[in-house]
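Here is the structure we will look at.
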Amino acid sequence: MQFATLSAGEVPGVPSLEELRALKPLQQPEWPDSGALDQVISELRTLPPLVFAGECDDLTAKIGAVARGEAFILQGGDCAETFGGVTAENIRAKLRVLLQMAVVLQYAASVPVVKVGRIAGQYAKPRSSGEETRDGVTLPSYRGDAVNGLDFTPEARIPDPQRLRGVYNAAAATLNLTRAFTTGGYADLHQVHAWNTDFVKSSPVGQEYEQLATEIERALAFMRACGATSDEFRTVDFYASHEALILEYEHALTRIDSRTEQPYDVSGHLLWVGERTRQLDGAHVEFLASLTNPLGVKIGPTTTPEYIRALIDKLNPKGIEGRLTFITRMGAGKIREALPPLLEAVRDHGSPIAWVCDPMHGNTFETPNGYKTRNFEDVMHEVQGFFDAHEQVGTWPGGMHIELTGDDVTECLGGGEELVAEDLVNRYETACDPRLNRHQSLELAFLVAERLRGAKA
């Protein structure tokens with residue numbers, strides 16, 4: 001796929017960086033060296049795309065099926081990726097748990113599952129405060145490896161534009177390995193047992209998964225005996241997504257597709273704007289509105305029907321199926337009240353929107369021993385509320401968006417392992433927000449599969 005050659009900083013149909021900066025974008029780093037930043041941006045503009053426009057179009061079509069109630073999105077991965085986390089084992093572990101969850105959903109609920117990772121770009125994080133204080137020392141907040149370092153030192157916390165080049169390199173390596181796994185045999189549906197060999201003996205949910213894997217294996221054996229084989233069992237389509245937060249990086253990776261002459265941000269397939277940066281007249285929404293990628297918007301409990309209709313008109317004025325996904329992050333105690341009016345407003349508007357539940361971000365709290373965490377029961381309660389709200393309004397619960405890891409971390413309370421606050425110290429490894437571990441992620445998948453069965457009935 002070819003992309004048109006661009007003059008420095010010029011992307012037809014896309015606001016310039018100067019125009020976006022004039023809108024005073026929120027949650028941007030205070031880069032101390034503008035010359036070094038300009039140099040990095042210029043270099044990024046010359047680099048090959050990380051994803052291709054045709055892949056973005058394929059994902060738009062798949063999300064269109066979600067908007068029609070014919071498929072389900074599974075979107076998951078790290079809260080904040082780190083450069084040190086770009087290893088074969090880490091990438092394989094995240095992919096493995098997403099594949100296992102997708103198998104549970106697709107087989108148990110009989111709906112196609114669109115697989116999207118929070119991967120290969122989730123290196124920047126918005127923060128509620130620009131500064132962090134420890135023991136009387138105040139330093140700039142950690143904003144992700146795209147901006148500064150996690151270590152609490154003055155040197156590490158200085159925003160460094162050279163890190164944006166590191167984001168590109170880390171994303172390229174992650175995507176290369178992910179494509180190798182998903183097309184090179186690891187994602188073969190015949191491997192459903194192999195994904196579980198190190199897990200089944202230690203976990204009740206692993207044993208439940210093993211029973212399902214045995215059923216799938218019997219079904220595949222029957223199909224082989226009938227002479228029915230398909231390459232679709234051997235590979236999977238897997239897409240990359242991240243929050244489009246740092247405008248310099250996203251703008252530098254925007255290209256014009258030579259097939260259509262339309263602009264695409266080739267840093268990822270699906271890009272979303274967060275709860276803190278989704279202002280209708282803000283720089284982030286203005287930038288995303290100019291792209292052809294499928295887009296997502298995080299929607300919190302303060303969102304009004306009037307706002308959400310205006311957001312649709314801004315981001316999807318042509319009513320393209322699969323163009324726009326709303327990712328709800330309401331909180332377990334608010335979703336049943338806050339979500340139905342929004343569902344009704346979008347339904348009555350008539351635009352084809354996919355709805356995805358993020359049950360993580362509205363349920364974060366701090367334990368007495370100082371750990372930021374989430375309770376698995378709250379996560380499940382919000383998912384249940386998401387399905388209940390859609391059932392009430394008569395709309396399709398299109399997916400879930402989860403912060404997770406394939407490792408046996410101890411970051412979220414509860415679940416089958418019954419983790420308590422004292423357990424968090426054992427393996428609390430996240431760079432930012434707490435993630436579900438592999439046990440909890442699979443438990444959630446089985447819960448959602450049961451609700452999906454009911455939604456299809």
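We number each residue from 1, following the sequence as shown.
- A pairwise comparison of heavy atoms in E81 and D145 identifies O-CB, 4.4 Å as the closest pair.
- For E403 and H361, the side-chain atoms include at least one donor-acceptor pair closer than 3.5 Å.
- When only modelled atom types and interatomic distance are considered, Y142 and K125 share no side-chain donor-acceptor pair under 3.5 Å.
- Between H284 and E243, the side chains place no donor N or O within less than 3.5 Å of an acceptor N or O (distance only, hydrogens not considered).
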Next item on the list: Show your reasoning for whether side chain to side chain contact (heavy atoms under 4.5 Å, CB included) applies to T292 and D257.
Entry: CA-CA 10 Å; T292 315; D257 175 30; over 6 Å; no
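- Atom CG of L74 is separated from atom NZ of K115 by 8.5 Å, given to the nearest 0.5 angstrom.
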Next item on the list: Dump the intermediate steps for salt bridge (charged side-chain N to carboxylate O under 4.0 Å, His left out) on E382 and R374, then the final yes or no.
Entry: CA-CA 12 Å; E382 180 153 358; R374 291 149 178 164; over 6 Å; no
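- Taking 4.5 Å as the limit, some side-chain heavy atom of P305 sits within range of a side-chain heavy atom of L342.
- Closest non-hydrogen pair, G268 versus C56, comes out as O-SG, 4.1 Å.
- The aromatic rings of F72 and F387 lie parallel to each other, their planes meeting at an angle below 30°, with 60° marking the opposite boundary.
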Note to self: I'd like to know whether H381 forms a side-chain hydrogen bond (donor to acceptor under 3.5 Å, both in side chains) with R336, so could you lay out the CA-CA distance, the side-chain angles of the two residues, the decisive distance to 0.1 Å, and finally the verdict.
What the structure shows: CA-CA 10 Å; H381 189 59; R336 286 174 172 83; 3.2 Å; yes
Item checked: Y123 vs F83, ring-ring contact (aromatic ring centres under 6.0 Å, His included): CA-CA, chis, key distance, verdict -> CA-CA 8 Å; Y123 292 96; F83 296 157; 5.4 Å; yes
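- Pairing each heavy atom of P294 with each of H269, the nearest pair is CD-O, 3.3 Å.
- Ion pairing between a basic and an acidic side chain is recognised when a charged N comes within 4.0 Å of a carboxylate O; R453 and E450 show such pairing.
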Next item on the list: Step by step, work out the salt bridge (charged side-chain N to carboxylate O under 4.0 Å, His left out) result for R157 and E131.
Entry: CA-CA 10 Å; R157 292 300 175 91; E131 295 181 332; over 6 Å; no
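- R134 forms a cation-pi arrangement with F152, by the criterion of a distance under 6.0 Å to the ring centre and an angle within 45° of the ring axis.
- The line from CG of L436 to CG of L404 is 6.5 Å long, rounded to the nearest 0.5 Å.
- Side-chain contact, Q75 with H401: a donor N or O sits under 3.5 Å from an acceptor N or O.
- Here CE of M360 is found 9.0 Å from SG of C79. Values are rounded to the nearest 0.5 Å.
- Remark: E132 CD is packed, more than 12 non-hydrogen atoms of other residues, nucleotides or ligands lying under 6.0 Å away.
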Margin query: side-chain hydrogen bond (donor to acceptor under 3.5 Å, both in side chains), that's the test. Do E344 and H349 meet it? Break it down for me.
Written below: CA-CA 8 Å; E344 292 169 349; H349 183 282; over 6 Å; no
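- Heavy-atom contacts from other residues, nucleotides or ligands closer than 6.0 Å to CD of E337 number 12 or fewer.
- One finds the CD atom of Q440 at 7.0 Å from the CD atom of E443 (value rounded to the nearest 0.5 Å).
- If you take CG on N375 and CE on M380, they are separated by 8.5 Å, rounding to the nearest 0.5 Å.
- Residues P359 and F386 fail the side-chain proximity criterion, which asks for heavy atoms closer than 4.5 Å.
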Next item on the list: Kindly determine whether K372 and D433 satisfy salt bridge (charged side-chain N to carboxylate O under 4.0 Å, His left out), including the steps that lead there.
Entry: CA-CA 7 Å; K372 185 191 291 187; D433 289 339; 2.9 Å; yes
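- Residues E70 and K62 are not paired through a salt bridge, judged by the lack of any N-O separation under 4.0 Å between the basic side chain and the carboxylate.
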Notebook entry, point to check: Between Q27 and T277, is a side-chain hydrogen bond (donor to acceptor under 3.5 Å, both in side chains) present by the stated rule, with each step listed?
Noted result: CA-CA 7 Å; Q27 296 289 335; T277 53; over 6 Å; no
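- Residues V40 and Q162 are in side-chain contact: their nearest non-hydrogen atoms beyond the backbone lie under 4.5 Å apart.
- Between P29 and I246 the shortest heavy-atom distance is CG-CD1, 4.3 Å.
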Next item on the list: Could you check R451 against D388 for salt bridge (charged side-chain N to carboxylate O under 4.0 Å, His left out), going step by step and ending with a plain yes or no?
Entry: CA-CA 9 Å; R451 290 304 305 259; D388 290 344; 2.9 Å; yes
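- There is no side-chain donor-acceptor pair under 3.5 Å between R163 and Y249.
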Check: Does the side chain to side chain contact (heavy atoms under 4.5 Å, CB included) test come out yes or no for D78 and R118, once each step is laid out?
Finding: CA-CA 6 Å; D78 278 317; R118 285 176 59 108; over 6 Å; no
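- Using modelled atom types, one finds a donor on one side chain and an acceptor on the other under 3.5 Å when comparing D265 with S267.
- Heavy atoms from other residues, nucleotides or ligands lying under 6.0 Å from CD of E306 number more than 12.
- Here the closest non-hydrogen pair linking A146 and V167 is CB-CG2, 3.4 Å.
- Under the side-chain contact (heavy atoms from CB on, under 4.5 Å) rule, D378 has a single partner from L413, N363, T364, which is N363.
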Expected list for residues 320-329: side-chain donor-acceptor pairs under 3.5 angstrom, two or more places apart:
unit_1: E321; atom_1: OE1; unit_2: R68; atom_2: NH1; d: 2.6
unit_1: R323; atom_1: NE; unit_2: L315; atom_2: O; d: 2.8
unit_1: R323; atom_1: NH1; unit_2: L291; atom_2: O; d: 2.5
unit_1: R323; atom_1: NH1; unit_2: N293; atom_2: O; d: 3.1
unit_1: R323; atom_1: NH2; unit_2: A289; atom_2: O; d: 3.4
unit_1: R323; atom_1: NH2; unit_2: L291; atom_2: O; d: 3.2
unit_1: R323; atom_1: NH2; unit_2: L315; atom_2: O; d: 3.2
unit_1: T328; atom_1: OG1; unit_2: V356; atom_2: O; d: 3.4

Next item on the list: Could you walk me through whether D57 and Y264 pass the side-chain hydrogen bond (donor to acceptor under 3.5 Å, both in side chains) test, one step at a time?
Entry: CA-CA 10 Å; D57 292 344; Y264 291 78; 2.7 Å; yes
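- Closest heavy-atom contact between R435 and V409: NH2-CG1, 3.8 Å.
- Annotation: salt bridge (charged side-chain N to carboxylate O under 4.0 Å, His left out) contacts involving residues 284-303, sequence neighbours excluded, comprise E286-K314, K298-D358.
- For the pair Q384/L447, a side-chain contact is recorded, criterion being any heavy-atom separation below 4.5 Å from C-beta on.
- Between the OG1 atom of T405 and the NZ atom of K94 there is a distance of 7.0 Å, given to the nearest 0.5 Å.
- Inspection of the R438 and Q100 side chains reveals an N or O donor paired with an N or O acceptor under 3.5 Å.
- Judged purely by distance below 3.5 Å, without hydrogens or angles, the side chains of R45 and T254 never pair a donor atom with an acceptor atom.
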